[in-house]
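Owing to the predicted nature of the structure, the values given are computational and were not obtained by experimental measurement. Here is how names work: the chains are called A, B, and so on, in the same order as the sequence lines, proteins then strands, and each is numbered from 1.
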Protein chains: 2
Amino acid sequence: MREVAQLAGVAMSSVSRVLSGHPDVSVGMQSRVLAAVAELGYQPDLLAQSLRRQETMTIGFAVGDISNQLFAEIVASAETTLRTAGYSMLLTNSEASAELDAAHIRLLAQRRVDGIILSVGDEQNPDTLAALERLDVPVVILDRDVPMPGAVNVFSDHRRGMRQAVAHLLDLGHRDIAMINGQTLRPARERRAALEACYEERGLPPTYRFVDGTFSVEFGARAAGDLLSQEHPPTAIIAGGNQLMLGSLKVLRARGLRLGRDISFVGCDDIPVSELYDPPIAVVRRDTAAMGHSAAELMLALLAGEPVEDVTLPSEFVARASCGPVAKT
Amino acid sequence: MREVAQLAGVAMSSVSRVLSGHPDVSVGMQSRVLAAVAELGYQPDLLAQSLRRQETMTIGFAVGDISNQLFAEIVASAETTLRTAGYSMLLTNSEASAELDAAHIRLLAQRRVDGIILSVGDEQNPDTLAALERLDVPVVILDRDVPMPGAVNVFSDHRRGMRQAVAHLLDLGHRDIAMINGQTLRPARERRAALEACYEERGLPPTYRFVDGTFSVEFGARAAGDLLSQEHPPTAIIAGGNQLMLGSLKVLRARGLRLGRDISFVGCDDIPVSELYDPPIAVVRRDTAAMGHSAAELMLALLAGEPVEDVTLPSEFVARASCGPVAKT
DNA sequence: CGGATACTGAAAAACGATTTCTCGACCCGA
DNA sequence: TCGGGTCGAGAAATCGTTTTTCAGTATCCG
């Protein structure tokens, strides 16, 4: 910057004024400075700028597993929105470990990010909560019930889509429905609640079952295997999450079961395989781009000091041939 | 930091020494400082640290499309390796735009990242090359032929896997093989070269064809559609990339073609759908985790000033039922 | 011509750390 | 007891910018 000032024959303060759009600059000086900047290819050091301005123009994004299609799409969409507004994104991947969640929140704070968007792997972890508590920057939480006062939430309305899904199965005559879920997180709770509500509304006895474990392909496979090996396997399986869906499908396929005929199946998240599977798989779909975009928009609003409210985005059931009438025994 | 120094009754420089492991610290002072740090919950400002130390402990990762499964896995793996070494990752998503590529490189430079890992969408774009030229930090390039002197590369050996694939198809009697590719980038060139080499080695006339466009689901669908609508459609299609594969599959499926019987098909990248499709899809597979890990390791070595060489990771053909003997006409 | 207005320069004080320099205290051997 | 070496810690400079303050010049207006 000193060189620029020298070349343009002005004071450093003037260079700063020109570059940061201060009103008191004459066109003459402006052009001289800009010419010098262009000639030297000068680019202000964002680090020094951040230190002085006390804002980094950086948003931390702490995600559970970026290699999960769902998160990848959310991140992509959020990054676009943030970048358009001049922010960069610092990404941390916790590999579904609660300890890393907390460590990452602290790390992001230490890096003085202007805000944090996160999706934790454990809603109650005291360490994570403590780390969040100490934060003095805006926080947007993705689809989790984290007891944190200041945070703003982007929820998915899992219930709506899941109720449609269960209603569809009930209409097809299914009564013995099994739902596979991962950790006890908001999405899982919502899905369970939707299933229970559907039975109750119709005055049906609770002849469903739940299998809970982790949101992983492996557990999806194991859970599906266990269900099928029971004396009375369910007539329909709902996999709560795309990883669980992938795992379940492997097993269903290995056993030679034809979906929609031998057993009905509903997945979550409309990933490529859902549409391309034979038969196509009915899923509860949500708009990942909207989730990322909303999270970013909320963050920007918080940073601008605007009043904001939690956002709830819809989900919808996409009926496909993987659901069929219950097989007559 | 001043408060810590005050509470501990020492100078700020002593606090710094304790915290950054300087040898000249007495145990008495150390314990007093640490006690003060703990009491105040003090965490050094990484921003100020970066400014002074002239290193940010941050690596920029400029990727084409993070929502592409391939990149998502690479990023996840690289992030883990970098984080373990104490680095954070600044992620930019160029949405396959060459202009954004260049802008992002400049942005990362301005943020004073310690190094950049990137996968550009255009190997020759002069703006991008100019931006790279000006960089004075280590650069690791993912599977691209970018004419940049100092950069270190992580290549995929697409040829090996593709030659196996083509050999497999030729063995099955296919002669009219069509290959769909995206932009002219290293992976596409390698795949083409492998195909040509296979024919030539066997002394076969070049009865293959290439269709080039963009690496997108849409183009994959369009290209496959065009091929099938021709008077003499190919007896086998190779899709060069997972997005192209997804697009092609949609069309093949819509036309009711049974893979491995009516037409043979080879995809790229072993994404979930390949294994779960009916029939399972033969693919040229590569180890995404290894790619991300290698890129990160190379970066760390460069940062440590160690001598490094380009890395080439293998690919392999996974034969599956989507390839069958050529249909007798 | 007086005074308001607009611009610019120079200098200094941040921002929050690290690092160099310097100096005092202490120990040891002669 | 003194010189030299080591150890430990404070003071001050530094990283690259922004911001503030103040002063000063030039221009403009009536």
Participant: What is the separation between atom NE2 on His22(B) and atom P on dC21(C), rounded to the nearest whole Å?
Facilitator: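 So the two atoms are 13 Å apart, to the nearest Å.
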Participant: Would you call Ile59(A) and Asp114(A) a side-chain contact if the rule is heavy atoms closer than 4.5 Å?
Facilitator: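 Counting from C-beta outward, Ile59(A) and Asp114(A) do come under 4.5 Å.
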Participant: Applying side-chain hydrogen bond (donor to acceptor under 3.5 Å, both in side chains), name anything that partners Ser13(A), two or more places apart in sequence or on another chain.
Facilitator: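 Checked Ser13(A) against side-chain hydrogen bond (donor to acceptor under 3.5 Å, both in side chains); zero matches.
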Participant: Could you tell me which non-hydrogen atom of Phe71(B) sits nearest to which non-hydrogen atom of Arg144(B), and how far apart they are?
Facilitator: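 Here Phe71(B) and Arg144(B) meet closest at CZ-NH2, 4.4 Å.
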Participant: So, for Ile66(A) and Ala72(B), which heavy atoms are closest and what is the spacing to 0.1 Å?
Facilitator: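 It is O-CB, 3.5 Å.
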Participant: For Arg2(B) and dT18(C), what is the distance between atoms CZ and C1' respectively, to the nearest whole Å?
Facilitator: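 Rounded to the whole Å, the gap is 16 Å.
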Participant: I'd like to know if Arg286(B) pairs up with Asp157(B) as an ion pair, taking the criterion as any Lys NZ or Arg NE/NH1/NH2 lying under 4.0 Å from an Asp or Glu carboxylate oxygen.
Facilitator: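 Salt bridge between Arg286(B) and Asp157(B), a charged N being under 4.0 Å from a carboxylate O: no.
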Participant: Between residues 37-55 of chain A and DNA chain C, which residues have a heavy-atom gap below 4.0 Å?
Facilitator: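 Those residues are Leu51(A), Arg52(A), Gln54(A).
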Participant: Are there any protein N/O atoms within less than 3.5 Å of an N/O atom in nucleotides 22-27 of chain C, and if so, which ones and at what distance?
Facilitator:
none

Participant: Evaluate the side-chain proximity of Ser88(A) to Arg83(A): yes if any heavy-atom separation is below 4.5 Å, no if none is.
Facilitator: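 Side-chain contact under 4.5 Å: no.
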Participant: State which residue, out of Leu142(B), Leu90(B), Leu118(B), fulfils the side-chain contact (heavy atoms from CB on, under 4.5 Å) condition with Phe61(B).
Facilitator: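 Answer after filtering Leu142(B), Leu90(B), Leu118(B): Leu142(B).
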Participant: With sequence neighbours left out, write down each residue that passes side-chain contact (heavy atoms from CB on, under 4.5 Å) with Gln69(B), or none if nothing qualifies.
Facilitator: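 side-chain contact (heavy atoms from CB on, under 4.5 Å) check on Gln69(B) returns Gln69(A), Glu73(B), Ile271(B).
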Participant: If I take atom CD in residue Glu3(B) and atom P in nucleotide dA17(C), what distance separates them, rounded to the nearest angstrom?
Facilitator: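 Taking atom P of dA17(C) as the reference, CD of Glu3(B) is at 10 Å.
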Participant: Among all residues two or more places apart in sequence or in another chain, which pass the salt bridge (Lys or Arg N to Asp or Glu O under 4.0 Å) test with Arg112(B)?
Facilitator: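 Partners of Arg112(B) under the salt bridge (Lys or Arg N to Asp or Glu O under 4.0 Å) test: Asp45(A).
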Participant: Should Arg106(B) and Asp101(B) count as an ion pair when the cut-off is N to O under 4.0 Å?
Facilitator: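 No salt bridge links Arg106(B) with Asp101(B).
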Participant: For nucleotides 4-10 of chain D, give me every protein contact, N/O to N/O, under 3.5 Å, one pair per line with atom names.
Facilitator:
unit_1	atom_1	unit_2	atom_2	d
dA9(D)	OP1	Ser26(B)	OG	3.0
dA9(D)	OP2	Ser26(B)	N	3.3
dA9(D)	OP2	Ser26(B)	OG	3.4
dG10(D)	OP2	Ala11(B)	N	2.6
dG10(D)	OP2	Ser14(B)	OG	2.8
dG10(D)	N7	Arg17(B)	NH2	2.7
dG10(D)	O6	Arg17(B)	NH1	3.3
dG10(D)	O6	Arg17(B)	NH2	3.4

